[in-house]
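See below for the structure under consideration.
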Amino acid sequence: MTARTPAQTSSTGYRSQAYYIHNENTHQRLKAAWWWTREEEGSSGSLSALVERLMIAEAERLESLHNDGERFPPAPEDARGVDRDGVARQAAAIRQQRRQRSTD
């Protein structure tokens with residue numbers, strides 16, 4: 001296992017986290033919705049603030065559905081998910097590369 005550098009904490013106390021969104025349209029759609037509603041009452045002043053609110057709401061929903069509304073214990077430091085669609089895309093690309101090599 002490779003050691004990972006922990007997320008950096010800024011002088012303001014914020015931590016940097018990176019997430020990958022496979023569909024650019026998802027990001028653009030959320031960004032547009034935030035932009036055009038950012039001055040409405042109850043809206044988020046920044047896209048980061050909106051994403052944080054959405055993440056908290058989803059965590060609360062999952063806790064409610066699967067853990068009697070209680071917070072789950074912390075996930076392991078090296079916890080990572082597997083995107084089944086991403087795995088399928090990668091496998092298809094590898095098969096295509098192998099087919100192409102065999103015809104070259």
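Just the heavy atoms: all of them, side chains too, but no hydrogens, waters or symmetry mates, feed the values below.
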Checklist entry - Are more than 12 heavy atoms from other residues, nucleotides or ligands located less than 6.0 Å from atom CG of Asn23? => result yes
Checklist entry - For Leu54 and Leu30, what are the C-alpha separation, side-chain angles and deciding distance, and is it a side chain to side chain contact (heavy atoms under 4.5 Å, CB included)? => result CA-CA 11 Å; Leu54 294 170; Leu30 180 63; 4.0 Å; yes
Checklist entry - CH2 of Trp36 to OG of Ser43: how many Å apart, nearest 0.5 Å? => result 14.0 Å
Checklist entry - Got more than 12 heavy atoms from elsewhere within 6.0 Å of CZ, Arg89? => result yes
Item to check | Backbone of Ala49 reached by a side-chain donor or acceptor of Ser46 within 3.5 Å | outcome: yes
Checklist outcome for this item: With sequence neighbours left out, the residues meeting side-chain hydrogen bond (donor to acceptor under 3.5 Å, both in side chains) with Arg61 are Glu58
Item to check | All side-chain hydrogen bond (donor to acceptor under 3.5 Å, both in side chains) counterparts of Glu24, not counting sequence neighbours | outcome: Gln28
Item to check | Residue pair Arg95, Arg98: steps toward the side chain to side chain contact (heavy atoms under 4.5 Å, CB included) verdict | outcome: CA-CA 5 Å; Arg95 283 192 300 274; Arg98 288 180 179 161; 5.7 Å; no
Checklist entry - Would you say Thr37's side chain and Ala33's backbone share a donor-acceptor pair under 3.5 angstrom? => result yes
Checklist entry - Would you find more than 12 non-hydrogen atoms of other residues, nucleotides or ligands less than 6.0 Å from Gln90 atom CD? => result no
Next on the checklist: Does Arg84, at its CZ atom, have more than 12 non-hydrogen atoms belonging to other residues, nucleotides or ligands within less than 6.0 Å?
Outcome noted: no
Checklist entry - Would a distance-only check, ignoring hydrogens and angles, find a side-chain to backbone donor-acceptor pair under 3.5 Å from Asn67 to Gly69? => result no
Next on the checklist: Does either side chain, that of Arg38 or that of Ser44, offer a donor lying less than 3.5 Å from an acceptor on the other one?
Outcome noted: no
Item to check | hydrophobic_cluster_shared for Tyr19 and Leu47, side chain cutoff 4.5 Å | outcome: yes
Checklist entry - Are Leu50 and Met55 connected in the hydrophobic side-chain network, where two residues link if heavy atoms are under 4.5 Å apart? => result yes
